[in-house]
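Here is the structure we will look at, set down as structure tokens.
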2 protein chains.
Amino acid sequence: MRQAKQFEHPSAKEITLARVLHALSDPVRLMVVAELAGGQERGSSEFECGVAESTLSHHLKVLRLAGVIKHRKEGTRCFVVLRPELEKAFPGLLASILKFRKRPA
Amino acid sequence: MRQAKQFEHPSAKEITLARVLHALSDPVRLMVVAELAGGQERGSSEFECGVAESTLSHHLKVLRLAGVIKHRKEGTRCFVVLRPELEKAFPGLLASILKFRKRPA
DNA sequence: TATATTGTTCGACGATTGTCGAACAATATC
DNA sequence: GATATTGTTCGACAATCGTCGAACAATATA
């Protein structure tokens, strides 16, 4: 009953502005981040973004590698949550961006 | 002494969040926008961003097509300035982003 | 052990990207 | 007119992107 190997995450120092902006410059990823904006953790299957499962997985990886989300496995499921380090690095940035998003479908 | 044909700019309605974020997700373009943040117009030759002239021209086109800058010709020179429509569409967004730009490293 | 569930990784694909140098266009100056 | 100046567009290139289905890995359940 050992826990499987978890994902690699960049250190807080590796979170750069251009990288975060690039991570947010895709509608699917923007939708995921908006969904996480409340701060609570979400199961990765909760996102209904109209792309294949493998594509969503790819986008979560991009967000993870940009330092935007923490990605964790539990059993056969996966959970994601915003990384507090992001808010610490760029306080208010996410809110400033998300408040302009088109209405959450 | 006719004025040459000017550049095409997207309408204010075509300025979308993801498009703007994508335009800002490149270090060169981020630098240009930061340079324009004061609001005053700049000659395109004033930017020293370490890329070829044709590359800078490409980046200015990306910013123009994203609705971030107004690009105008005068004589043999070109001038760029932030589009007021951007601030109107996403008030405060640019400032929220630019304040986190890398300090003079 | 066998099977089902969940989600990642792999391989492929077309599209887009950032980059450069060369060629081009428009204007200014001689 | 001829030449110089300024900056764009073109053509090419490697790299990255978003996308999918198939294959795979880990866990849960029978």
Side-chain angles (χ1 to χ4, degrees), chain A residues 1-10 16-33 35-36 41-66 68-81, chain B residues 1-10 16-33 35-36 41-66 68-81:
Chain A
M1 207 50 174
R2 283 264 291 77
Q3 182 59 20
K5 198 171 58 174
Q6 292 289 341
F7 295 111
E8 295 283 346
H9 291 74
T16 73
L17 181 58
R19 230 176 294 217
V20 170
L21 292 179
H22 174 257
L24 297 180
S25 68
D26 177 276
V28 172
R29 294 194 292 263
L30 210 46
M31 188 265 248
V32 168
V33 172
E35 208 72 29
L36 296 175
E41 193 176 53
R42 289 290 174 82
S44 66
S45 59
E46 292 178 41
F47 306 112
E48 299 175 12
C49 36
V51 297
E53 228 174 323
S54 56
T55 301
L56 173 60
S57 191
H58 159 71
H59 286 304
L60 294 181
K61 184 177 183 178
V62 171
L63 288 171
R64 183 179 76 230
L65 264 32
V68 175
I69 64 171
K70 185 160 78 72
H71 202 173
R72 134 185 116 75
K73 298 176 182 176
E74 185 179 308
T76 65
R77 305 220 41 212
C78 282
F79 298 88
V80 292
V81 67
Chain B
M1 210 48 176
R2 281 263 292 76
Q3 183 58 19
K5 198 171 59 174
Q6 291 289 340
F7 295 110
E8 295 284 347
H9 291 75
T16 73
L17 181 58
R19 228 176 295 220
V20 170
L21 292 179
H22 175 257
L24 296 180
S25 69
D26 177 275
V28 172
R29 294 194 291 263
L30 210 48
M31 189 264 250
V32 168
V33 172
E35 208 72 30
L36 296 175
E41 193 176 50
R42 288 290 173 82
S44 67
S45 59
E46 292 178 40
F47 306 112
E48 300 175 11
C49 37
V51 297
E53 229 173 323
S54 55
T55 302
L56 172 61
S57 191
H58 159 71
H59 285 303
L60 294 181
K61 183 177 183 178
V62 171
L63 287 172
R64 184 180 75 231
L65 264 32
V68 176
I69 64 171
K70 185 160 78 70
H71 201 172
R72 133 184 118 75
K73 297 177 183 175
E74 185 179 308
T76 65
R77 305 218 42 211
C78 282
F79 297 88
V80 292
V81 67

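Note on naming: letters A, B, ... go to the chains in the order of the sequence lines (proteins, then strands), and numbering restarts at 1 for each one.
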Expressed as a whole number of angstroms, how long is the span from B/L65:CG to C/dT17:C1'?
14 Å
Output the distance between atom SG (A/C49) and atom CG (A/L56), rounded to the nearest 0.5 Å.
4.5 Å
Please report the distance, rounded to the nearest Å, between CG in A/L63 and C1' in D/dC17.
14 Å
I want to verify a distance call: between C/dG18, C/dT17, D/dC17, whose nearest atom is closest to the B/D26 side chain?
C/dG18
Given that B/R64 and A/G50 both sit by DNA chain D, which one's nearest nucleotide is further toward the 5' end?
B/R64
For the pair made of NE2 in A/H59 and C1' in D/dT19, what is the distance, rounded to whole Å?
8 Å
Can you tell me how far C1' of D/dT19 sits from NZ of A/K61, to the nearest Å?
15 Å
Nucleotide C/dT9, atom P - distance to CD of A/E8 in whole Å
11 Å
OG1-NE2 distance between B/T16 and B/H22, expressed to the nearest 0.5 angstrom
11.0 Å
By the 4.0 Å heavy-atom rule, please label B/H58 as base, sugar-phosphate, or nothing.
base
With hydrogens left out and only the distance checked, is there a donor-acceptor pair under 3.5 Å joining A/S57's side chain and the base of C/dG7?
no
From the list D/dT8, C/dG21, D/dA22, which nucleotide is the closest neighbour of the side chain of B/E53?
D/dT8
On a heavy-atom basis, which atom in B/P10 and which in B/L65 lie closest, and how many Å separate them?
CG-O, 3.5 Å
To the nearest 0.5 angstrom, please state how far the CZ atom of B/R29 sits from the NZ atom of B/K61.
13.0 Å
So, is B/T55 near the phosphate of C/dC20, with a side-chain N or O under 4.0 Å from OP1 or OP2?
yes
Minimal non-hydrogen separation, B/R64 against B/H71, with atom names
NH1-ND1, 3.0 Å
Selection from C/dT19, C/dA28, D/dA26 that lies nearest to any side-chain heavy atom of A/T76:
D/dA26
A/V80 pairs by side chain to side chain contact (heavy atoms under 4.5 Å, CB included) with which of A/V33, A/V68, A/I69, A/L63?
A/I69
Send over the distance from A/Q6 CD to C/dT8 P, rounded to a whole Å.
11 Å
Is there side-chain contact between A/D26 and A/V62, with at least one heavy-atom pair below 4.5 Å?
no
Identify which nucleotide among C/dT19, D/dC20, C/dG21 has an atom closest to any side-chain atom of B/V28, counting heavy atoms from C-beta outward.
C/dT19
Round to the nearest Å and state the distance from A/K73 atom NZ to C/dG7 atom C1'.
8 Å
So does A/L36 get a backbone contact from the side chain of A/R42, meaning a donor-acceptor N/O pair under 3.5 Å?
no
According to a strict under-4.0 Å criterion, is A/H71 in side-chain N/O contact with OP1 or OP2 of C/dT8?
yes
Phosphate OP1/OP2 of D/dG18 contacted by A/R29 side-chain N/O (<4.0 Å)
yes
DNA chain D contacts made by residues 42-49 of chain A, counting heavy atoms under 4.0 Å
none
Examine C/dT27: is either OP1 or OP2 under 4.0 Å from a nitrogen or oxygen in the side chain of B/R77? Give yes or no.
no
Can you name the nearest heavy-atom pair linking B/L21 to A/S25, along with the distance?
C-CB, 3.9 Å
Given D/dG7, D/dC20, C/dC20, the nucleotide with the shortest approach to the side chain of B/A52
C/dC20
For a quick check of understanding: with a heavy-atom distance under 4.0 Å over all strands, which category does B/F7 fall into, base, sugar-phosphate or nothing?
sugar-phosphate
Taking five pairs at each terminus, the helix from C/dT1-D/dA30 to C/dC30-D/dG1 shows an axis bend, to 10°, of 10°
Atom pair CD/CZ of B/E46 and B/F79 - distance to nearest 0.5 Å:
8.0 Å
In whole Å, I'd like the distance from the CG atom of B/L60 to the C1' atom of D/dG7.
10 Å
Indicate yes or no: at least one non-hydrogen side-chain atom of A/L24 is less than 4.5 angstrom from one of B/L17.
no
